[in-house]
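For reference, the structure is listed below as structure tokens.
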Amino acid sequence: MTSSAVSEETARHVPQAAAPAVSGHASATGAESMPCQPSPVPAEDLSHLRVVPARHPGRVVLAVVVGLLVALVAYSFVTNPRWEWGVVAQWFLAESILRGLLETLKLTVLAGAVGFTLGLVLALMRLSPSGLISGVAWTFSWIFRSTPLLVQLLLWYNLGYLYERVTLGIPLTDITLVDARTSDLMTPMLAAILGLGLHQAAYAAELIRGGILSVDQGQLEAASALGIPARDRSLRIVLPQAMRAILPTAFNEIIGLVKGTSIVYVLAHAELFFTIQLIYGRTQEVLPMLLVATLWYVVITSLLSIGQYYIERHYAKGAVRNLPPTPLQSLRARFARRSTPTGAAA
């Protein structure tokens with residue numbers, strides 16, 4: 001058998017896949033035998049479609065019911081002549097009312113300063129490793145949280161019955177710095193500040209202590225390992241983080257303190273509620289005068305709530321990536337969304 005015959009016989013037994021690629025007419029014939037690829041479908045134009053928000057029928061029904069209730073209450077306030085809105089408008093900005101309001105604010109500021117300053121000291125004492133210091137702070141909080149505020153106010157105001165004179169001087173010498181009758185020193189204003197302030201300190205100590213304990217202990221250990229002084233660890237690491245836990249409860253306590261000043265009327269101190277009592281005792285216009293006091297308390301607490309929002313937003317800088325929008329920013333964004341056409345938004 002010749003070499004050409006052997007080559008033809010071998011080529012007959014070689015599989016099709018193992019055969020070398022052929023050129024020209026053979027490749028064209030193979031391409032014709034392959035299945036045709038489908039041509040791309042043109043994209044459908046969806047610009048005419050409109051985005052429809054999800055419907056919440058239950059929410060709509062609840063909103064309608066709540067709106068009707070609010071409208072009924074507002075209608076009752078406006079149309080009921082026994083509220084005597086004319087009397088409310090007459091006395092709302094009266095000079096005597098404003099003087100009483102000023103005394104209420106003064107009591108709130110002074111008693112709040114005493115309460116939260118002493119509360120911070122007591123909270124640090126509670127965290128002290130010394131058993132004596134921690135026990136004294138715990139005992140203070142236990143006594144003042146267990147006693148009604150009214151009882152504390154009356155005890156401070158009648159302190160002269162227990163101690164006739166207050167004498168302060170340098171021990172082991174004849175030098176006297178203060179020597180006066182207790183009843184002359186213990187005015188209704190001072191008794192109110194001591195009663196409200198010390199009562200507030202017992203609660204402030206616990207909320208400050210809870211805020212400090214909420215900070216991760218590992219951060220203190222890391223700061224101590226870096227050689228940061230104890231004062232800087234407390235003021236720059238612990239306190240800013242603890243403020244996020246302290247602020248909501250602290251503002252609740254301040255708002256409660258504003259309303260708690262009304263109990264000072266038992267000491268005959270001319271704060272807002274005592275002034276209101278004097279006026280309606282003379283005019284017999286009880287409900288409208290109580291409404292005047294209520295409106296002023298609402299104004300004060302509303303301003304405190306606004307301040308709370310912005311202070312909490314300030315201390316949230318280290319906890320969230322983006323600060324929550326202010327009410328004014330939210331209002332602007334809502335109006336911007338409503339004024340933007342649907343097509344432009346799409």
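When a residue number appears, it is its place in the shown sequence, counting from 1. Everything quoted here is computed from the prediction, not taken from an experiment.
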Side chain proximity check, I300 to L101, heavy atoms < 4.5 angstrom = yes
Find out whether I97 and I276 are in side-chain contact, i.e. whether some heavy atom of one side chain is under 4.5 Å from a heavy atom of the other.
-> yes
Could you tell me whether the side chain of S76 and the main chain of L72 form a donor-acceptor pair under 3.5 Å?
-> no
Which heavy-atom pair separates A245 from P248 by the least distance, and what is that distance?
-> O-CD, 3.8 Å
Kindly give the heavy-atom pair with the smallest separation between H269 and P188, and that separation in Å.
-> CB-CB, 4.1 Å
Just by distance, do the side chain of T117 and the backbone of V114 share a donor-acceptor pair under 3.5 Å?
-> no
Quick one: CD1 on I208 to CG on L213, what's the gap to the nearest 0.5 Å?
-> 12.0 Å
Sidechain-backbone polar pair: T176 side chain, V178 backbone, donor-acceptor under 3.5 Å | no
Does one side chain, of E312 or Q308, offer a donor that lies under 3.5 Å from an acceptor on the other?
-> yes
Return yes if some donor-acceptor pair links the side-chain N/O of T104 with the main-chain N/O of G100 below 3.5 Å, else return no.
-> yes
Do any N or O atoms from the side chain of T261 and from the backbone of V258 form a donor-acceptor pair under 3.5 angstrom?
-> yes
Indicate yes or no for a side-chain donor-acceptor contact from E253 to the backbone of T249 under 3.5 Å, with no hydrogens or angles considered.
-> no
Would you check if Y280 and P288 make a side-chain contact, meaning some heavy-atom pair closer than 4.5 Å?
-> no
Looking only at heavy atoms, the pair that brings L257 and T108 closest together is CD2-O, 3.6 Å
Give the intermediate values and the outcome of side chain to side chain contact (heavy atoms under 4.5 Å, CB included) for residues S262 and Y297.
-> CA-CA 10 Å; S262 60; Y297 286 125; 3.5 Å; yes
Residues, nucleotides or ligands: over 12 heavy atoms within 6.0 Å of F140 CZ = yes
Under 3.5 Å: donor-acceptor pair, side chain of E103, backbone of K106 | no
Separation between CE of M125 and OG of S130, rounded to the nearest 0.5 Å = 8.5 Å
Derivation and outcome, side chain to side chain contact (heavy atoms under 4.5 Å, CB included), residues L272 and T275 | CA-CA 5 Å; L272 178 60; T275 305; 5.6 Å; no
What is the distance from atom OG of S214 to atom CZ of R209, rounded to the nearest 0.5 Å?
-> 11.5 Å
Does the Q284 side chain pair with the main chain of G281, one donor and one acceptor, at a distance under 3.5 Å?
-> yes
Indicate, with yes or no, if V292 and L290 share a hydrophobic cluster defined by side-chain heavy-atom contacts under 4.5 Å among Ile, Leu, Val, Met, Phe, Trp and Tyr.
-> yes
Would you say L155 and L162 make side-chain contact, with heavy atoms under 4.5 Å?
-> no
Any chance OH of Y163 has more than 12 other-residue heavy atoms, nucleotides or ligands included, within less than 6.0 Å?
-> no
Does the side chain of E84 reach to within under 4.5 Å of the side chain of V88, using non-hydrogen atoms?
-> no
Residue pair E206, R145: steps toward the side chain to side chain contact (heavy atoms under 4.5 Å, CB included) verdict | CA-CA 10 Å; E206 292 303 308; R145 287 196 300 169; 3.7 Å; yes
Consider only side-chain heavy atoms of I, L, V, M, F, W and Y, link residues closer than 4.5 Å, and tell whether I263 and I254 are in one cluster.
-> yes
CG of L226 to CD1 of I237, rounded to nearest 0.5 Å, is 8.0 Å
Within a radius of less than 6.0 Å around CZ of R181, do more than 12 heavy atoms belonging to other residues, nucleotides or ligands occur?
-> no
Is there side-chain contact between L196 and W156, with heavy atoms separated by less than 4.5 Å?
-> no
Between CD of Q90 and CE of M289, what distance do you get to the nearest 0.5 Å?
-> 8.5 Å
Would the number of heavy atoms belonging to other residues, nucleotides or ligands and lying under 6.0 Å from CH2 of W85 be above 12?
-> yes
Any donor-acceptor N/O pair, S128 side chain to I133 backbone, under 3.5 Å = no
May I ask whether L122 and L127 are part of the same hydrophobic cluster, defined by side-chain heavy atoms of I, L, V, M, F, W, Y residues being less than 4.5 angstrom apart, directly or through others?
-> no
Does some side-chain heavy atom of V66 sit less than 4.5 Å from a side-chain heavy atom of L62?
-> yes
Does V136 belong to the same Ile/Leu/Val/Met/Phe/Trp/Tyr cluster as F144, with side-chain heavy atoms less than 4.5 Å apart forming each link?
-> yes
Counting N and O atoms only, with roles assigned by atom type, does the side chain of R233 sit under 3.5 Å from a partner on the main chain of I228, one being a donor and the other an acceptor?
-> yes
For the residue pair F77 and W83, does the interplanar ring angle fall in the parallel (under 30°), tilted (30 to 60°) or perpendicular (over 60°) class?
-> parallel
Which atom names give the shortest non-hydrogen contact between A242 and G211, and what distance separates them?
-> CB-O, 3.3 Å
Once you round to the nearest 0.5 Å, how far does OH of Y315 lie from CZ of R244?
-> 11.0 Å
Quick one: closest heavy-atom pair of L159 and M186, and the distance?
-> CD2-CE, 3.9 Å
Count the heavy atoms of every other residue, nucleotide or ligand shown that sit under 6.0 Å from OH of Y161, and state whether that count exceeds 12.
-> no
Closest non-hydrogen atom pair, V264 against A192 = CG1-CB, 3.7 Å
For the hydrophobic clusters of this structure (ILVMFWY residues joined by side-chain heavy atoms under 4.5 Å, transitively), does one cluster hold both L194 and V109?
-> no
Could you tell me whether the side chain of V121 reaches within less than 4.5 Å of the side chain of F116, counting heavy atoms only?
-> no
Apply side chain to side chain contact (heavy atoms under 4.5 Å, CB included) to the pair L168 and D179, showing each step before the final yes or no.
-> CA-CA 7 Å; L168 296 177; D179 186 11; over 6 Å; no
